[in-house]
Amino acid sequence: MDAEAQDRFREFVENRSSALLRTAVLLSGGDRHAAEDLLQTALVKAADRWHRIDEPEAYVRQILYRQQISRWRLKWRRRELTVAEPPETGASPDAAPDAELRLLMRGALARLTARQRMVLVLRYFEDLPEADVARVLGCSVGTVRSTTHRSLARLRALAPELAALGPAEVESQPPSRDFSPVEVRP
Amino acid sequence: MNVEELVRDSLRELADEQTSAGPGLADRVLVTRRRRRTRRIASVAAVTAAVVAIGVAVPLLDSGKEDVRPADVVQKSEDVAHPDQSPPRDLISAGNTVLAAYYVPRTVKHSAGQAELVRDYWLLDQKTDTYVKTTKWSYVAVAPGLKTAAVLERELPASRIGMLDLATGKVERWIELDHKVAGLSFSRDGLKLVATTYGENPDQLVKTEGSDFWDQKQPSTRTGFYLLDTLSGKGSWSEVKLKGDPNDPMGAGFINARQDFALSPDGRHVWAGNPMGDIGKQFYDFAGAEVPVPADQKHLQWYVDAWQSPSGSLVAGDFAGKKWKTSSWVIDARTGRKTEVRGQQLLAWVGDTSLIAWDMGPDSKNEFHQRLVKVTIGSAKTVPLSGFRKGNDGDAGRWEPVFAER
């Protein structure tokens, strides 16, 4: 990378790293340290191919997604997750105010598999259409749809306080065939 | 509020709480990049050692006065190209550098989470000058001269090496080993063979729950290398332990699952890539003790398959192009001076002035749509040698070349 390319790279990182970090934090289930590692690794890869990248942000995001569901991160980069409040059970859903529900939701999101969490981030944070999510993940639209449903169902299972929330269609899904365990953190 | 809205709100709230990435991130990335040398970490590792037998140690300077090889193996000028064939059916060569074989990797699934990368080879039948498929071997290294190939049977790591007579297709001799091997590499003069030993098959793949992608099984189980005399089959094994924690993917002790050893281009050391190390490679003496990188080989990059030119004066370097304009560096081994040459990835030297490379078509914007070409230092001309490979990197049906010098 020559000096001019390095300057362009620095400018890109300065302008876009905060937005990219936000996505990385969400993909990492709220683990800021893991997110910073994830972003740095993605930026290193982008720097390697800097001279050939037309849309750096799209490229880095793609790496973030791919990297997050790769084995490396799951096996080695897993670390203790600090959740503001663990999901609790038994409370009346009616009694939970929105702020509390959001905290419960955060805890539940952090306990999804990386892939389940990524589908939700792409659908509900990045607001990508299902077809675009499918393209990002390299799977069919049907898989995106079923993973989304299963992920939402898993959230409800993890935090029963969320069970009273709509819509009904999630409830009508057949039992999950995704037998993957919730990520267990050491 | 429904569950989707709560997911949306919770994600946005968490995102909004994040402070900026902090100053100096770009510079940290650039420093890390220089250290890591992770380019093509997984895919190239499987290719490198198979593509080394491309030259001879005898100097081949432009005057030819130091070329002491017999007259029947002096540099041939003609190129044999089949730009309509991908994968090739008929002989491809440039000068004395011959596409001696190629392989097509495929993933054999053993369970939902376990698989294996398997190579199916097509070897050059020198009677018909065509490539003939064989499924007997898991790994093939072709010796210079194209008379012999060292082969491993299907199950890796293997406890014996076969020395295959390429004229008859029969194994002339088996070399039985105490330590199991999974990688083979001839010296440039063909007199020595380095076999890399592993505790497990380095081509195992694993898929983590929730992932769509197969990844190499880590950590690497590489244990050391045999240095064998090709003619007698005798030699010794050296243990090579990595410095640092092999489980730390950012640490200097981390290597690819398959990170094979090979003779250095000048035949004086054994070397291997070290993707996370400070200098990206490690050199060893023949007993397995690490030694400093020789001055004239400090520009070698393990993932650039062409390595050093036959005379040792030039080293094939990394991609030098920009966006879709492809070119690569050729580096003066002594001074480090860089010269740009056509080609996307430099694969094998053709004498000291030309190379065989992968390259895209002139107006292509698909970096994986590549064909073999011959490029020449100081010339903008490329000579197509094969048809274009289809699919993206890692897709089924991609073929990988194995070159050897006549």
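Chain naming here is simple, since letters A, B, ... match the order of the sequence lines and numbering starts at 1 in each.
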- Using non-hydrogen atoms and a 4.5 Å limit, figure out which bit of L20(A) sits close to chain B: side chain, backbone, both or neither.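 Contact with chain B: none, neither part.
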
- Can you tell which part of L43(A) gets under 4.5 Å to a heavy atom of chain B, answering side chain, backbone, both or neither?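 For L43(A), backbone and side chain are both near chain B.
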
- Select one option (side chain, backbone, both, neither) describing which atoms of E17(B) are under 4.5 Å from chain A's heavy atoms.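 Interface part for E17(B): side chain.
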
- Query: How far does CD of E5(B) sit from CG of L101(A), to the nearest 0.5 angstrom?
  - Reply: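 These two atoms lie 12.0 Å from each other.
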
- Query: Is there a donor-acceptor pair closer than 3.5 Å between any side-chain N or O of R10(A) and the backbone N or O of A26(B)?
  - Reply: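 Flag not set: sc R10(A) to bb A26(B) has no pair under 3.5 Å.
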
- Under the salt bridge (Lys or Arg N to Asp or Glu O under 4.0 Å) test, residues paired with E126(A) that sit two or more places apart: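 Here the qualifying residues are R61(A).
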
- Between chain B and each of F125(A), Y124(A), F12(A), count heavy-atom pairs under 4.5 Å; write down the option with the most.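 Maximum pair count with chain B is reached by Y124(A).
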
- Using ring pair (Phe, Tyr, Trp, His ring centres under 6.0 Å) as the criterion, list what pairs up with F9(A), not counting sequence neighbours.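 Checked F9(A) against ring pair (Phe, Tyr, Trp, His ring centres under 6.0 Å); matches are W50(A).
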
